[in-house]
Every structure is written in C-alpha cells, then in structure tokens.
Colleague: 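Dumping the structure here so I can ask a few things about it.
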Amino acid sequence: MAKLHVVTYGCQMNAHDSDRMVELMAPLGFEATKNKDEADLIVLNTCSVREKADQKMLSELGRLREWRAEHPTRILAVGGCVAQGMGQGLLDKVPFLDLVFGTDQLAALPDMVRRIQQDNVRVAAVDWRDADEFDFLPIRPRSKVEGCHAFVKIMKGCNQFCTYCIVPYVKGRELCRPADEIVDEVAMLVERYGVREVTLLGQTVTSYNVRHNARPGAPRFSELLYRLHEIQGLHRIRFMTGYPKDVEPDLVAAFRDLPRVAGHIHMPVQSGSDPILKRMNRGYTRALYTERMADLRAARPGLALTSDVIVGFPGETEADFEATMDLVRTMRFDSIFSFSYSERPGTRATRFHDSVPHEDRRRRLRTLNEMQEEITREILQSRVGNREEVLVLGPSTRDPNILCGRTSEHRMVNFRGVANVGDLKHVDITEARPHSLRGQMISDAQRLSA
Ligand code: SAH
Ligand code: SF4
Ligand code: F3S
C-alpha cells in the first residue's frame, strides 16, 4: 500500500475536504498515515484567511524540502485556499513542489497524482468548475467515522464579500447542495455508522437556497432542519456558520419547534460599531444583530451563543472598539473567536488607508479577551449544581477513566461513569474549569427513582 499524509490548516470545511482526499485516493491504493516519514504523498490543505496561516504553510513547506529530496518518487502537493490564490505562482516559487490544486479541483486529485507518477510532470490546476454543477459532493461511503459525530457539507463558497475576507476569492461562488442529497447522507451516517450528531457546514449556512442561484421552490435552511429532525436515531443537529441577517421568523420557529436542533448557535458579529459593520459590508446593524439574537433566545430558553470578533479593522477608533466591548459585554457569549485584523491582498479593505497601528490591534485584542474570559468563566460557573443532558463522545484524551461529552449548548463535560459513545446521559455538574465542566453521571435508574 502507498501512504498518504494530509496536513490540514484552517476551518472545518478544510478538515472535511481533507477527509474526502483520503477517500478519493483509496482506489489508487493510498492509505492514510499520521507519520510523514513513511508517506509517499504529502498534501498540505491550506488556509489563507489571515497572514499567519499563510506563513505557517510556507514554513511547513520549507521543512518538507528534505523529505521530498530523499526519494525521487515522492509527491508533494499543496491544495486548499493558498493553492487557489497562488496557483502556478506557488509552483514557480517552490521548485521541489509537484502539485498545486485549487479548491474546485478536489475530485481530480487522483487523476493528477496518476499523471505525475506516469509522466513525471509538475501540475498546477486551479480552474473553477461549472457554476451550476450541483453534484460536487456525491454521496459515497465514508472511509471511517470516528465517534458519533460527523460534519456534513451543505454549501460551498461564499457570495457575501465582507471587505476583509479572502474566502469568496479562494472558495468561489456560493453553491447549495440539493436537500434530498443532504437528508440521504445524514440518514446513511446515522444508520450505517451510528452517527448521533451532525454539524451542517458552510460559510453562511443560514442563507441556504435564499440568495443567488437558488432554484424556485428549493427548501430554505429552516425547512432543511425540519426534514433532518425526522431522522430516527439522530440526537442533535448543529450548524456552522450562521449569518445574522438570515435569522428570520422561520429560523426562530425552528429553534422553538425542534428540540433536537442543538441549543447553541455560532453567529459571528465581527464588530459592535455600525460604521465599522458598514465598512465591513456585513449587511446588518448592531441593533438588527441584537434583536435577532433576542428572538432566538426567546424561542429557546438557555440558548448558548458564540461569535467571531475582529479588532483593529481599518478606521476603527477607540470609540468603535468600546462599542464592540460593550456589545460583547451585553451579549454574554459563551465564548468568542477573536482576531486582530489582517490585511489580505486583493480584498477591498486593503484600499482603506486609515489602518490601525499593530500595537493598538494587539492591545484591543488583549483587552477584549480578558473580558470574555471572565464572562466564559461566569457562565460555566453558573452551571455548577445543574443536571445536564450530555452526549457521550468517548474517553477523555487526558484520562481514559474519564468520559467526555457535550451538552446541547456545546459545553464540554468531563465526568465519571460508564456509558457508550453516542449515549445521552444525565450528569450532575460539580465543578467549572476555565473552558469545560466536570461532573458525575447519574444512572437512568437513579434518575427515575429521584
Ligand atoms: N463565514 C464565516 C466566517 C469564515 S472566516 C462568517 O461569515 O461568519 C472565520 C473568521 O475569521 C471570520 O468570522 C472573521 O472573524 C475572521 N476573519 C476573516 N478574515 C479576516 C481578516 N482578514 N482578518 C482578521 N480576521 C478575519
Ligand atoms: Fe468571509 Fe463574510 Fe463570506 Fe464569512 S460571510 S466567508 S466572513 S466573506
Ligand atoms: Fe481558511 Fe479557506 Fe477555511 S481561507 S478559514 S481554509 S475557507
């Protein structure tokens, strides 16, 4: 068997694509390995969302020069978002690189590898596929599903063009997968692999079939949730990422009606200042964001919210930053991913010349994170003494005698008890850690007799 090693950078969508690469290469006799020294083919599946991600990939490439030189038949490939952005330029820049393939070229990976093996050529392939081609993700049996959770891609690309963001340029236009196919795949995952929880993936999943190129009568995101909710044996439905302005009454109703839609929503706000939101081209105001989140929280008591925030966007004054601090303080997110603004060549924001000094960006990031850590701690602390329903994910990575699971609100719980992966169990929360909870499992008999 030949061996394939994939290194993944970036978001869950990339992680999902990496799994598909492994599946696609299996018919060519490639088996995945975690050890790059025994690999015959290494693929770096790259991210370019922030400058740091770019640099990480380039230094990893540097380290692989020797690996590539050791055997003439070894193949070194770069896929994903950096590959899409740089194309032939990356092949020219890195002489020991064999293959650069773009984000729409995944399915052609086996053919390209075969060509390189046979003809000893170097290949750069970054063309986009036909815009109305909906069969980009045919259902195929997975090579494996670890645990009881699976990611399911429902969209690709993005049409939003936030002015700071490279994603629309490197992942292409938004394309929605047909609902029937998504429902079939989830049902198959539940039946064949014992999956109990799925996360629907896309850059703006809540705009599923509502923006461009939607076919008439195609179901909206909320309808998809209702359909998935009927699948027997599926305990929880999650999704990533939602877009604030898509939170309309139909989605709010889904949160009210569908108990197996998890009690957590990740809804990036990016900034608490209206002029900055406008400049970012986010398409909503602070008031709209807070109203829509209040609607969701009213529909689902206890709903946990998480978010993404950027500090130091061009033109962000101290007052704008204070507005973000104030929003984060009042929203009480469970947690946030916070970022210091990073210029991305080719995006519209690079044309704004009032950039914020790096020192201020760093300071704002620190200030924001300190406040959020306190909020996260308070929220976790408030769970102590509660009984939570936990989906068992498996033994804890640190201690095999401890089980690890998540609440519907996506809070991590480590607990003592005996249970199978995929079980829903009740756990009494005894302690809050900085980013997780600890507790004691209650047996079903104990619970019913109480
Ligand atoms: N589609 C998702 C986000 C995808 S990128 C959404 O719209 O919410 C993940 C996060 O990276 C973004 O939410 C944003 O906070 C951050 N990000 C994207 N581009 C960035 C940049 N140029 N600088 C800093 N952070 C950025
Ligand atoms: Fe980027 Fe905005 Fe699209 Fe998210 S919605 S991927 S931030 S352009
Ligand atoms: Fe990065 Fe591409 Fe995802 S730029 S965040 S890997 S879509």
Side-chain angles (χ1 to χ4, degrees), residues 9-11 46-59 81-82 85-86 158-171 203-204 241-245 266-290 293 305-376:
Y9 303 88
C11 61
T46 57
C47 169
S48 53
V49 77
R50 283 167 295 274
E51 201 179 348
K52 249 196 214 139
D54 266 16
Q55 286 163 351
K56 252 205 219 152
M57 187 287 296
L58 287 171
S59 59
C81 295
V82 179
M86 293 182 73
C158 183
N159 288 350
Q160 184 60 37
F161 287 95
C162 303
T163 53
Y164 51 80
C165 185
I166 195 87
V167 171
Y169 303 92
V170 290
K171 290 283 197 203
Q203 293 299 349
T204 58
T241 301
Y243 202 78
K245 71 178 177 193
H266 183 68
M267 207 44 101
V269 65
Q270 313 299 2
S271 170
S273 155
D274 281 340
I276 297 294
L277 285 171
K278 189 157 201 254
R279 251 191 169 194
M280 287 176 161
N281 188 34
R282 289 292 288 181
Y284 55 83
T285 58
R286 174 191 177 125
L288 189 115
Y289 182 88
T290 49
M293 296 310 115
L305 266 178
T306 56
S307 199
D308 294 353
V309 177
I310 297 176
V311 298
F313 185 76
E316 186 188 74
T317 62
E318 283 300 324
D320 293 320
F321 173 64
E322 277 310 318
T324 296
M325 287 289 284
D326 182 65
L327 179 83
V328 171
R329 194 179 296 121
T330 50
M331 286 308 299
R332 292 190 71 76
F333 296 116
D334 255 49
S335 62
I336 59 170
F337 293 108
S338 54
F339 307 101
S340 162
Y341 169 69
S342 167
E343 285 85 1
R344 302 287 62 213
T347 60
R348 274 198 281 154
T350 57
R351 284 186 246 148
F352 301 138
H353 293 299
D354 40 3
S355 72
V356 174
H358 283 274
E359 204 183 292
D360 291 341
R361 295 186 211 179
R362 274 194 295 274
R363 176 178 45 80
R364 289 177 191 173
L365 191 62
R366 224 176 19 244
T367 310
L368 174 65
N369 285 343
E370 277 165 15
M371 180 178 69
Q372 179 58 47
E373 256 172 50
E374 186 57 35
I375 296 170
T376 299

Colleague: Judged by atom type as modelled, is there a donor-acceptor pair below 3.5 Å linking the side chain of Ser342 to the main-chain atoms of Glu51?
Modeller: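 Yes: the side chain of Ser342 pairs with the backbone of Glu51.
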Colleague: I want to check something: taking the side chain as every heavy atom from C-beta on, are Thr241 and Pro268 in contact at a cut-off of under 4.5 Å?
Modeller: yes
Colleague: Is any side-chain heavy atom of Val328 less than 4.5 Å from a side-chain heavy atom of Phe333?
Modeller: yes
Colleague: Working to the nearest 0.5 angstrom, can you tell me the gap between Cys162 SG and Tyr243 OH?
Modeller: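 Output value for this atom pair is 4.0 Å.
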Colleague: If you round to the nearest 0.5 Å, how far is CZ of Phe321 from OG of Ser271?
Modeller: 10.0 Å
Colleague: So, taking the atom named NZ in Lys171 and the one named CD in Gln203, what distance separates them when rounded to the nearest 0.5 Å?
Modeller: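 Here the interatomic distance stands at 7.5 Å.
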Colleague: With the side chain counted from C-beta on, respond yes when Gln270 and Val309 share a heavy-atom pair under 4.5 Å apart, and no when they do not.
Modeller: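 No. Closest side-chain heavy atoms not under 4.5 Å.
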Colleague: Restricting to non-hydrogen atoms, name the atom on Asn369 and the atom on Ser338 that form the minimum distance, rounded to 0.1 Å.
Modeller: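 Asn369 and Ser338 have their closest heavy atoms at OD1-OG, 2.6 Å.
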Colleague: Output the distance between atom CG (Leu365) and atom OG (Ser340), rounded to the nearest 0.5 Å.
Modeller: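 OG of Ser340 is found 6.0 Å from CG of Leu365.
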Colleague: Are Asp54 and Ser48 linked by a side-chain donor-acceptor pair shorter than 3.5 Å?
Modeller: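 No, no side-chain donor-acceptor contact under 3.5 Å.
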Colleague: Would you check, one step at a time, whether the test salt bridge (Lys or Arg N to Asp or Glu O under 4.0 Å) holds for Arg361 with Glu343?
Modeller: CA-CA 12 Å; Arg361 295 186 211 179; Glu343 285 85 1; 3.0 Å; yes
Colleague: Does the pair Asp334 and Thr306 meet the rule for a side chain to side chain donor-acceptor pair (under 3.5 Å), with working shown?
Modeller: CA-CA 5 Å; Asp334 255 49; Thr306 56; over 6 Å; no
Colleague: Test Met280 against Arg348 for side chain to side chain contact (heavy atoms under 4.5 Å, CB included), laying out the working first.
Modeller: CA-CA 9 Å; Met280 287 176 161; Arg348 274 198 281 154; over 6 Å; no
Colleague: Can Thr163 and Arg351 be said to form a side chain to side chain contact (heavy atoms under 4.5 Å, CB included), step by step?
Modeller: CA-CA 10 Å; Thr163 53; Arg351 284 186 246 148; over 6 Å; no
Colleague: Which atom names give the shortest non-hydrogen contact between Cys47 and Ala53, and what distance separates them?
Modeller: O-CB, 3.4 Å
Colleague: Identify whether the distance between the nearest side-chain nitrogen and carboxylate oxygen of Asp320 and Arg279 falls below 4.0 Å.
Modeller: no
Colleague: Assess whether salt bridge (Lys or Arg N to Asp or Glu O under 4.0 Å) is satisfied between Arg364 and Glu316, documenting all intermediate values.
Modeller: CA-CA 11 Å; Arg364 289 177 191 173; Glu316 186 188 74; 2.8 Å; yes
Colleague: More than 12 foreign heavy atoms under 6.0 Å from CD of Glu359: is that the case here?
Modeller: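 No, because the 6.0 Å sphere around CD of Glu359 holds 12 heavy atoms or fewer from other groups.
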Colleague: Near Phe337 CZ, under 6.0 Å, is it more than 12 heavy atoms from other residues, nucleotides or ligands?
Modeller: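 Result for CZ/Phe337: open.
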Colleague: Should Ile310 and Tyr164 count as side-chain neighbours, where that means a heavy-atom distance under 4.5 Å?
Modeller: yes
Colleague: Could you list the residues that satisfy salt bridge (charged side-chain N to carboxylate O under 4.0 Å, His left out) with Arg50, not counting sequence neighbours?
Modeller: none
Colleague: Does any part of the side chain of Thr367, heavy atoms only, come nearer than 4.5 Å to the side chain of Glu322, both counted from C-beta?
Modeller: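 Not in contact.
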Colleague: Would you indicate whether the side-chain heavy atoms of Arg286 and Asp326 approach each other to under 4.5 Å?
Modeller: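 Heavy-atom side-chain distance check passes, below 4.5 Å.
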Colleague: Verify, without hydrogens or angle tests, whether Thr324 (side chain) and Gly272 (backbone) share a donor-acceptor contact under 3.5 angstrom.
Modeller: yes
Colleague: Within the 4.5 Å heavy-atom criterion, are Val49 and Val170 side-chain neighbours or not?
Modeller: no
Colleague: Can you tell me if Thr46 uses its side chain to pair, donor with acceptor, with the backbone of Val82 under 3.5 Å?
Modeller: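 Between the backbone of Val82 and the side chain of Thr46 there is a qualifying donor-acceptor contact (under 3.5 Å).
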Colleague: Look only at the side chain of Arg282 and the backbone of Ile276, and say whether a donor-acceptor pair between them is shorter than 3.5 Å.
Modeller: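 No.
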Colleague: Could you go through Tyr169 and Thr347, starting from their C-alpha distance and side-chain angles, then the distance that decides it, and tell me whether this counts as side chain to side chain contact (heavy atoms under 4.5 Å, CB included)?
Modeller: CA-CA 9 Å; Tyr169 303 92; Thr347 60; 4.1 Å; yes
Colleague: Which word best sums up how the rings of Tyr289 and Tyr284 line up, parallel for under 30°, tilted for 30 to 60°, or perpendicular for over 60°?
Modeller: tilted
Colleague: Determine whether a donor-acceptor pair (N or O, by modelled atom type, separation under 3.5 Å) exists between the side chain of Ser307 and the backbone of Val269.
Modeller: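 The answer is yes, because a donor-acceptor pair under 3.5 Å joins these two groups.
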Colleague: Only one of Leu368, Asp308, Thr376, Ile375 clears side chain to side chain contact (heavy atoms under 4.5 Å, CB included) with Ile336; which?
Modeller: Leu368
Colleague: Taking 4.0 angstrom as the limit, do Arg329 and Glu370 come out as a salt bridge?
Modeller: no
Colleague: May I ask you to test the Thr290-Met293 pair for a side-chain heavy-atom distance under 4.5 Å?
Modeller: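 Heavy-atom side-chain distance check fails, nothing below 4.5 Å.
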Colleague: To the nearest 0.5 angstrom, please state how far the CD atom of Glu318 sits from the CE atom of Met325.
Modeller: 10.5 Å
